[in-house]
Chemist: 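Quick one: the structure is below, and I'll ask about it shortly.
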Amino acid sequence: MTWLLETTGLTRRFAGLVAVDGVDLRVAQGGIHAVIGPNGAGKTTLFNLISGLIVPSAGTIRFAGTDVTRLPPDRRAALGMGRTFQNIRVFGAMTVLENVLTGLHARTAPDLLGTGLLGTGLLGTVLRLPRFRAAEREAVARARAALDLVGLGAQAETRAAALSYGDQRRLEIARAMAPEPRLLLLDEPAAGMNPAETAALGALVRRLGGLGTTILLVEHDMGFVMGISDAVTVLNFGRRILDGPPEAVRQSPVVIEAYLGQKVAARLAKSAP
Amino acid sequence: MMAVPPWLDDLLWTYQNLIHSLGINGLLALSMYVVLAVGQLSLGQAAFMGLGAYGSALLTLKLHWPFWVVLPASCVAPAMFALAVGVPTLRLSGVYLAIATIGLGEVLRAVYLNIDLFGGALGLSGIPARAETWMIYGLLAAAVIVLWLIGRSRIGRAMEAMREDETAAQVMGVDIRRYRMGALLASALLAGIAGALGAHVSSFIGPNEYGFQPAVTILSFALLGGIGTPLAPVLGAAVLTLLPEALRGFSDLRLVFNGVIIVLAVLFLPNGVFAWRMRRRAA
């Protein structure tokens, strides 16, 4: 089987601390894959390694058949990797629609000067050539579709900073989804949301999974993860301690121990019938 | 040429220097704008301007090239120095570019002072006045329009995204190093042209016109005007160019007034006086 994303021995050290320690993660094409683990388990560091914001100390990352270990984030985006952030990072001064248009950056012209005289690069932009205008129109149509998908269609012209917290999260998802990435990384999408918002988000994530985008998510909220995931990887102290379907993970004593500590896990094991 | 009424002719003649400075400072303000627009800080605009001025003056005085060849050629040296400074510093984030460009300005000033070709402390004089008012304003208008069209496009969105959040911009697929380098090159070209035009309206150039103080003045054009649109820094430059003229009676206090205005603008109008923001799409 070929994996959409495969990390081998992925390691990242920060001074004395080993935040991610030899992680082998395999994400299959299609479906929703969750990475869980207690605070400080290395989940966000793992995401930053996969999306290229930090460089691994050791190990490799293969994405869609390419070794991306040394590629900068923008090249990974061009290969079809999108992500959201745990601490929201929308472009506050831009409108909602402009945010999503920016998310389509990798999908339009390939570089600053563009593809020859008739391209959508610098010359095409300044001369407003037909190819440029067509690309711009197509981008707006795609962006509007992405906004409709997350239910922000009516707020397209609102300044992003003026959106509520939950809507900013939705905007981040629309911005990451607009280019139809092969892999979407969601970094704690339910953080700071109330139960109703979390439920709505779960439905949205499931819908995104149905569109052909593979979803890898990091999450704290166990209920959220168990309800929507096809596969779960558990991290603790930077190591992968378990891999499997959600039901198996839920009952695993190793996981209970990681979350609740050895004593509680032992007590639970004793009291179990 | 069109017939100009005598009173207008007198006015233009009297204020010729000021009219030229307004246009040239507008170009310099744009040269600062393109760098600030991608979230970088460069203080090399005066140095690039000096390269354009000295380069073009030498081409005219020593090689007697026609002005229409000198003007584009004056961009070559600033572009080369922009690459030389940009390649090592733009990989890094933070103030490295600012520091390196200050250094560039001081090194070049020392070179102009100490090498005979550049006339030393006396500078170069007797440069023919070949830059016409219409050339200055034509280039300024062209630069504003081009930057406006770029601002309202995918490129403009990427630039604003970098300014707001470089990490997020990278994840969207923006090659931030390439954009930084492109912005610095554009900045060098604009400043180089401004320098060449300046040299060919004033007949004299000297090493101190391109030192640290003019670099800060150029920065203040963009700080006062803002960078919401390409027009904002040009208007900022106009205000700061006209102000010393209006305050001529206060002679020694003029620089103090300038300073106070900049401090007030930064404290109370962080987006500049002309803070409108342009739409970022063409369709």
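The chains referred to below are lettered A, B, ... by the order of the sequence lines, with proteins before strands, and numbering in each begins at 1. Bear in mind that the values here come from a model prediction, so they are computed numbers and not experimental data.
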Chemist: Within the structure provided, determine whether B:Arg152 and A:Glu136 are in side-chain contact (heavy-atom separation under 4.5 Å).
Modeler: no

Chemist: Pick one of side chain, backbone, both or neither for A:Glu157, based on which atoms fall under 4.5 Å of a heavy atom in chain B.
Modeler: side chain

Chemist: Can you check whether A:Leu101 reaches B:Arg280 side chain to side chain, under 4.5 Å on heavy atoms?
Modeler: no

Chemist: Under 4.5 Å from any heavy atom of chain B, what part of A:Phe85 do you find: side chain, backbone, both or neither?
Modeler: side chain

Chemist: Quick one: of A:Met81, A:Met94, A:Arg83, who has the most non-hydrogen atom pairs under 4.5 Å with chain B?
Modeler: A:Met94

Chemist: Nearest 0.5 angstrom please: A:Ile88 CD1 to B:Asp165 CG, how far?
Modeler: 12.0 Å

Chemist: Quick one: which of B:Asp175, B:Ile150, B:Leu149, B:Thr167 has the most heavy-atom pairs under 4.5 Å with chain A, could you say?
Modeler: B:Leu149

Chemist: When you compare the side chain of B:Met172 with that of A:Phe91, does any pair of heavy atoms fall below 4.5 Å?
Modeler: yes

Chemist: Which residue, B:Arg157, B:Gln170, B:Arg154, forms the side chain to side chain contact (heavy atoms under 4.5 Å, CB included) with A:His105?
Modeler: B:Arg154

Chemist: Please say whether more than 12 non-hydrogen atoms of neighbouring residues, nucleotides or ligands are located less than 6.0 Å from CH2 in B:Trp65.
Modeler: no

Chemist: If I compare all heavy atoms of A:Ala106 with all of B:Gly173, which pair ends up nearest, and what's the gap?
Modeler: CB-CA, 4.2 Å

Chemist: Nearest heavy-atom pair of B:Val171 and A:Ala77: which atoms, and what distance?
Modeler: O-CB, 3.4 Å

Chemist: Should we say atom CZ of B:Phe67 is surrounded by more than 12 heavy atoms from elsewhere, each under 6.0 Å from it?
Modeler: yes

Chemist: Side chain, backbone, both or neither: which part of A:Thr102 has a heavy atom under 4.5 Å from chain B?
Modeler: both

Chemist: Is a side-chain donor or acceptor of B:Glu164 paired with a backbone partner of A:Ala93 at a separation under 3.5 angstrom?
Modeler: yes

Chemist: Using heavy-atom distances under 4.5 Å, tell me whether A:Arg128 contacts chain B through its side chain, its backbone, both, or neither.
Modeler: side chain

Chemist: Might you confirm whether atom CZ of B:Phe274 has over 12 heavy atoms from other residues, nucleotides or ligands at distances under 6.0 Å?
Modeler: yes

Chemist: Please classify the contact of A:Leu127 with chain B as side chain, backbone, both or neither, using a heavy-atom distance under 4.5 Å.
Modeler: neither

Chemist: What is the distance from atom CZ of B:Arg277 to atom OG1 of A:Thr95, rounded to the nearest 0.5 Å?
Modeler: 6.5 Å

Chemist: Are the side chains of A:Leu122 and B:Ile155 in contact, using a 4.5 Å heavy-atom criterion?
Modeler: yes

